[in-house]
Amino acid sequence: MLINTDPFFYAVAVPAVLLLGISKSGFGAGFGSLAVPMMAIAVTVPQAAAILMPVLLLMDLLGMAAFRNNVDRELLKFLLPYGLVGIVIGAGLFKLLEPSWVAGIVGVFTLLFLAQRLLFPPQSDAPPPPRWLGRLLSVTSGFTSFIAHAGGPPLNAYVIPLKLSPLLFTGTMAFFYFFINLAKWIPYAWLGLLDMQNMLTSLVLLPLAPLGVWLGVRIAHRIQPRLFYRLLYLGMFLTGLKLIWDAFR
């Protein structure tokens, strides 16, 4: 069979792709990391990650077009090289690590970050996080993005305290993840994940990509910053719980 025809797979894949598209617009960005865990209910984590590759490429292109005038270029130049280092590490360790282990680690750190933010909220005059933390979390983001497209929670832990506007946050992240996801193609092919069945299945899901991004962009331009970050925290909380659940089930 050259394409996945399992109805249950599409029952979880369709909402997962729509959720990923909405997250690419910046609205509920923390929810994007749920896409692979949702699809992993029906297929393996590596297969889910491979199927999403073409979908992510289209979403990234749409996101960059929508937010091309809202990019913090200095922040992007700082984060991107370390994110690419994380891709290299992920490619080297992919066959040695259980994806569920990585999911559990990401989930724990996501919840710890949220607990710190809620229990010890930063003051209005608090300095930005140290740059060494940005380097470390960018590498972590690239690594977890390679393993399970779950790069959002680690990087959000550094970028959210910078207090960017919703549009600037969204645009900067759109460009960051375009280059991160583009860098995955060669190692994914080298690992044998981009086979015919995965790519044909991805084509079936591809029309949902612009719909999800469009929905998210419409919302992102109308949302208040305070509500935006509350939803972002909620998305990260649910993502953390889901990743930990996947690690121990």
Side-chain angles (χ1 to χ4, degrees), residues 2-4 9 13 16-21 23-25 29 32-40 42-68 71 76-77 79-99 102-103 106 137-155 170-210 212-213:
L2 289 180
I3 191 170
N4 193 320
F9 166 77
V17 172
L18 288 175
L19 194 61
L20 187 61
S23 77
K24 283 292 181 181
S25 71
S33 297
L34 288 172
V36 168
M38 286 175 64
M39 290 175 62
V43 295
T44 66
V45 169
Q47 188 177 3
I51 290 171
L52 285 175
M53 286 295 287
V55 176
L56 282 169
L57 178 60
L58 178 56
M59 288 179 176
D60 289 335
L61 292 172
L62 293 171
M64 288 196 303
F67 296 99
R68 59 188 178 277
V71 183
L76 183 63
K77 290 178 183 178
L79 298 175
L80 188 56
Y82 299 101
L84 295 175
V85 170
I87 293 292
V88 174
I89 296 173
L93 297 179
F94 187 81
K95 291 186 177 181
L96 301 177
L97 291 176
E98 286 287 342
V102 178
V106 174
L137 292 177
S138 295
V139 172
T140 304
S141 176
F143 174 71
T144 56
S145 179
F146 186 89
I147 298 295
H149 301 320
L155 193 63
T170 302
T172 305
M173 293 299 94
F175 276 78
F176 176 84
Y177 286 113
F178 167 75
F179 290 109
I180 289 296
N181 289 328
L182 193 64
K184 299 176 190 175
W185 279 84
I186 292 178
Y188 265 54
W190 174 64
L191 291 165
L193 297 176
L194 304 181
D195 59 33
M196 185 62 68
Q197 183 185 48
N198 288 341
M199 293 302 95
L200 289 177
T201 302
S202 181
L203 289 178
V204 175
L205 298 171
L206 205 59
L208 298 170
V213 173

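Residue numbers run from 1 in the order of the sequence given. Side-chain atoms are counted along with the backbone in the values below, which use heavy atoms only and exclude waters and symmetry mates.
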Partner of Ile51 under side chain to side chain contact (heavy atoms under 4.5 Å, CB included), chosen from Met39, Gln197, Met199: Met39
Taking the side chain as every heavy atom from C-beta outward, state whether [X] and [Y] have any pair of such atoms under 4.5 Å apart.
X	Y	value
Pro46	Tyr188	no
Tyr177	Leu56	no
Leu57	Asn181	no
Leu80	Ile180	yes
Val17	Met59	yes
Phe94	Pro187	no
Leu137	Leu79	no
Leu203	Pro54	no

field: Interatomic distance, Leu182 atom CG to Met53 atom CE [nearest 0.5 angstrom]
entry: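 So the gap between those two atoms works out to 8.0 Å.
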query: Once you round to the nearest 0.5 Å, how far does CE of Met196 lie from OG1 of Thr201?
result: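 One finds 11.0 Å between CE of Met196 and OG1 of Thr201.
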- request: Take Ile89 and Phe146 through the side chain to side chain contact (heavy atoms under 4.5 Å, CB included) test and state the conclusion after the steps.
  value: CA-CA 9 Å; Ile89 296 173; Phe146 186 89; over 6 Å; no
field: Ile186 atom CD1, neighbour heavy-atom count above 12 within 6.0 Å
entry: no
query: Around Trp185, counting heavy atoms of other residues, nucleotides and ligands shown, do more than 12 lie under 6.0 Å from its CH2?
result: yes
Taking all atoms of both residues into account, what is the closest heavy-atom pair of [X] and [Y], and its distance?
X	Y	result
Asn198	Leu193	ND2-O, 2.9 Å
Val55	Ser202	CG2-OG, 3.6 Å
Ala183	Ile87	O-CG2, 4.1 Å
Ser141	Phe176	OG-CE2, 4.1 Å
Pro210	Leu206	CD-O, 3.5 Å

field: Donor-acceptor contact below 3.5 Å, side chain Lys184 vs main chain Ser145
entry: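 Yes, Lys184 side chain to Ser145 backbone: donor-acceptor pair under 3.5 Å.
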task: Walk me through it: do Met173 and Leu155 pass the test side chain to side chain contact (heavy atoms under 4.5 Å, CB included)?
output: CA-CA 9 Å; Met173 293 299 94; Leu155 193 63; 3.5 Å; yes
